[in-house]
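Pasting in a structure now, in structure tokens, and then I'll have a few things to ask.
Starting from 1, each residue takes its place in the sequence as its number. Predicted model, so just to flag it, every value in this text is computed and none were measured.
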Amino acid sequence: MALSILSFVPAVLRALAAAAALAAGGAAQAERVKDLASFQGARANQLVGYGLVVGLDGSGDQTTQTPFTVQSVVSMLGQMGVNLPPGVSLQLRNVAAVMVTAVLPPFARPGQTLDVTVSSLGNAKSLRGGTLLLTPLKGADGQVYALAQGNVVVGGAGAAAGGSRAQVNQLNAGRIPAGATVERAVPSAIGADGVVRLELHASDFGTARRVAEAIRARLGAAAIARDARTVEVPVPAGEAERVAFLAELENVPVEAATAAAKVVINARTGSVVMNQAVTLAPAAVAHGGLSITVSATPEVSQPAPLSGGQTVVTERTDIQIRQERGDLFYLEGGARLADVVKALNLLGATPQDLVSILQALKAAGSLRAELEII
């Protein structure tokens with residue numbers, strides 16, 4: 001029998017179940033505007049560059065198989081006034097061609113430092129102990145926005161008991177903390193036209209409306225929800241006043257609208273996460289030797305005569321689990337998906353079983369939630 005997924009992460013699943021119960025039963029909590037949206041035009045930009053890492057301990061590129069490494073070295077030496085005789089074949093072992101990447105954050109200014117990632121481009125065995133030579137980092141427009149250089153930090157392998165070695169991570173990539181210096185700023189004119197636009201992280205008409213209402217109530221600004229993702233807010237003309245206004249705008253509390261039901265399942269581990277209580281419509285699914293019957297039975301509690309109480313109707317969910325080849329399990333309307341998933345885990349269902357069953361329920365219209373498989 002396959003191992004139960006609950007045996008791996010029982011505490012995590014219990015915590016997720018408690019969080020789901022709170023989300024389903026409790027009132028919506030206020031979030032700040034900065035948690036729900038970002039300013040249009042304030043975005044990060046990706047930078048990339050090609051460079052050389054030198055000073056390796058014989059773990060660099062095999063130059064006979066990576067001729068571009070030799071070409072780069074010859075070109076670099078030529079720029080420094082060192083001209084090699086024609087026909088010379090360099091056999092280098094301590095040099096590696098690399099790609100250098102970094103993220104230029106919004107509002108970055110010249111002189112600010114960035115962390116960079118260095119990744120081997122050829123067949124180097126390790127970048128440990130190497131030094132990245134001066135490398136220009138370009139944006140999508142081909143302009144140089146930063147210069148990178150420094151010692152590459154690579155996680156390595158540690159010796160285990162008995163003389164064996166256990167590799168912690170791969171050695172063909174590393175980082176240089178604060179290894180790049182910004183040379184060019186990206187122009188940013190948020191609110192220069194008198195209006196700032198907020199872009200919601202997730203498109204939702206209800207959230208957009210609530211954000212606009214909260215801004216109007218808190219700041220008195222004529223905020224308008226243009227669509228499910230964009231909210232326009234007029235801002236003061238002065239630069240100092242604009243910054244102060246935006247600082248207040250970011251911290252306006254908003255009662256976010258209830259998100260659409262969503263179920264996320266990890267196809268490798270079988271982890272299932274739901275953002276709220278998800279119920280199932282009547283459905284019948286046959287899957288190998290798994291057999292589960294879930295039924296929801298209403299229970300009515302009557303108050304005592306003349307007590308002034310109210311009739312309370314609750315649901316009791318009964319789950320019968322069987323593991324017989326070819327059995328069929330029937331899901332009654334109102335049954336919770338969390339109960340079904342828990343029963344499948346107790347049976348030792350594999351991640352592939354969970355994916356197949358949830359996909360079938362979604363296709364049949366029983367699972368009334370968005371299903372995402374990662």
Side-chain angles (χ1 to χ4, degrees), residues 16 19-20 22-47 101-109 112 114-115 139-141 145 182 184-264 273-278 368-374:
L16 291 174
L22 288 175
Q29 296 183 354
E31 300 183 66
R32 297 172 299 177
V33 168
K34 66 169 62 177
D35 300 323
L36 299 172
S38 58
F39 293 115
Q40 188 180 84
R43 47 156 292 180
N45 291 275
Q46 307 296 325
L47 303 180
T101 57
V103 177
L104 184 67
F107 311 112
R109 293 294 180 262
Q112 180 179 340
L114 308 174
D115 295 345
D141 57 359
Y145 287 90
V182 177
R184 181 195 300 253
V186 177
S188 178
I190 294 180
D193 57 350
V195 176
V196 67
R197 294 167 182 83
L198 295 172
E199 291 185 346
L200 300 182
H201 300 320
S203 299
D204 186 274
F205 284 103
T207 301
R209 179 179 62 85
R210 294 191 182 191
V211 168
E213 292 176 349
I215 294 174
R216 289 196 295 267
R218 184 69 174 265
L219 303 179
I224 301 175
R226 290 298 181 187
D227 51 41
R229 199 175 188 89
T230 307
V231 178
E232 290 186 356
V233 184
V235 295
E239 186 173 347
E241 294 81 1
R242 186 189 311 156
V243 172
F245 179 83
L246 295 179
E248 293 184 16
L249 176 62
E250 285 186 321
N251 292 285
V252 171
V254 180
E255 293 287 344
T258 303
K262 188 172 185 178
V263 180
V264 181
V273 179
M274 290 165 279
N275 63 349
Q276 57 182 276
V278 178
R368 295 192 177 97
E370 181 183 353
L371 179 62
E372 179 178 348
I373 299 176
I374 60 176

Closest approach of Val252 to Ala214 (non-hydrogen atoms, all atoms of both residues):
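Of all heavy-atom pairs spanning Val252 and Ala214, the closest is CG1-O, 3.8 Å.
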Contacts of Phe107 that satisfy side chain to side chain contact (heavy atoms under 4.5 Å, CB included) - sequence neighbours left out
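Once residues adjacent in sequence are excluded, the partners of Phe107 under the side chain to side chain contact (heavy atoms under 4.5 Å, CB included) criterion are Ala42, Ser188, Ile190.
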Which residues satisfy the side chain to side chain contact (heavy atoms under 4.5 Å, CB included) test with Arg368, sequence neighbours excluded?
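Partners of Arg368 by the side chain to side chain contact (heavy atoms under 4.5 Å, CB included) criterion, ordered by chain and then number, come out as Ala281.
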Distance-minimising heavy-atom pair for Ala225 and Ala212:
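Closest approach of Ala225 to Ala212, heavy atoms only: N-CB, 4.0 Å.
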Show the nearest heavy-atom pair for residues Ala221 and Pro234, with the distance to one decimal.
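Heavy-atom minimum between the residues: CB-O, 4.4 Å.
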For a quick test of your reading: what N or O donor-acceptor pairs under 3.5 Å do the side chains of residues 242-250 make, sequence neighbours left out?
from, atom 1, to, atom 2, distance (Å)
Arg242, NH2, Ala237, O, 3.1

List in chain and number order the residues that pass side-chain hydrogen bond (donor to acceptor under 3.5 Å, both in side chains) with Ser38, two or more places apart in sequence or in another chain; answer none if no residue qualifies.
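So Ser38 forms no side-chain hydrogen bond (donor to acceptor under 3.5 Å, both in side chains) with any residue.
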OH-CD distance between Tyr145 and Gln46, expressed to the nearest 0.5 angstrom
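The CD atom of Gln46 is 13.5 Å from OH of Tyr145, to the nearest 0.5 Å.
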Going by the rule side-chain hydrogen bond (donor to acceptor under 3.5 Å, both in side chains), which residues pair with Arg216 if we only count those two or more places apart in sequence or in a different chain?
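Counting only residues at least two positions away or on another chain, Arg216 forms no side-chain hydrogen bond (donor to acceptor under 3.5 Å, both in side chains).
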Could you tell me which residues satisfy side chain to side chain contact (heavy atoms under 4.5 Å, CB included) with Arg43, sequence neighbours excluded, listed by chain and number?
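Only Asn45 meet the side chain to side chain contact (heavy atoms under 4.5 Å, CB included) criterion with Arg43.
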So, using side chain to side chain contact (heavy atoms under 4.5 Å, CB included) as the criterion, who are the partners of Ala44 when residues are at least two apart?
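Here the qualifying residues are Val103, Pro106.
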Kindly write out the residues that satisfy side-chain hydrogen bond (donor to acceptor under 3.5 Å, both in side chains) with Lys262, not counting sequence neighbours, or none if the list is empty.
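Checked Lys262 against side-chain hydrogen bond (donor to acceptor under 3.5 Å, both in side chains); matches are Glu372.
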Minimum heavy-atom separation for Ala369 to Val263, with atom names?
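It is CB-CG2, 4.1 Å.
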Please identify each residue that fulfils salt bridge (Lys or Arg N to Asp or Glu O under 4.0 Å) with Arg218, with sequence neighbours left out.
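Applying salt bridge (Lys or Arg N to Asp or Glu O under 4.0 Å) to Arg218 gives none.
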If I compare all heavy atoms of Val231 with all of Ala223, which pair ends up nearest, and what's the gap?
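It is CG1-CB, 4.4 Å.
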List in chain and number order the residues that pass salt bridge (Lys or Arg N to Asp or Glu O under 4.0 Å) with Glu239, two or more places apart in sequence or in another chain; answer none if no residue qualifies.
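Counting only residues at least two positions away or on another chain, Glu239 forms no salt bridge (Lys or Arg N to Asp or Glu O under 4.0 Å).
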Can you run down the salt bridge (charged side-chain N to carboxylate O under 4.0 Å, His left out) pairs that involve residues 191-203, sequence neighbours left out, and say none if there aren't any?
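Checked against salt bridge (charged side-chain N to carboxylate O under 4.0 Å, His left out) - neighbours excluded - the pairs reaching residues 191-203 are Asp193-Arg197, Arg197-Glu232.
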Can you see which heavy atom on Phe39 is nearest to which on Val196, and at what distance?
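The pair with the smallest heavy-atom distance is CD2-CG2, 3.4 Å.
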Measuring from Asp204:CG to Arg210:CZ, what's the distance to the nearest 0.5 Å?
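Answer for the CG-CZ pair, Asp204 versus Arg210, is 9.0 Å.
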With Arg32, which residues qualify under salt bridge (Lys or Arg N to Asp or Glu O under 4.0 Å), at least two apart?
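Salt bridge (Lys or Arg N to Asp or Glu O under 4.0 Å) list for Arg32, sorted by chain: Asp35.
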Flag side-chain contact, heavy atom, 4.5 Å: Leu114 against Pro105:
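Leu114 reaches Pro105 side chain to side chain.
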Taking the side chain as C-beta and beyond, is there a heavy-atom pair between Leu198 and Ile215 under 4.5 Å?
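Of all side-chain heavy-atom pairs linking Ile215 with Leu198, at least one is under 4.5 Å.
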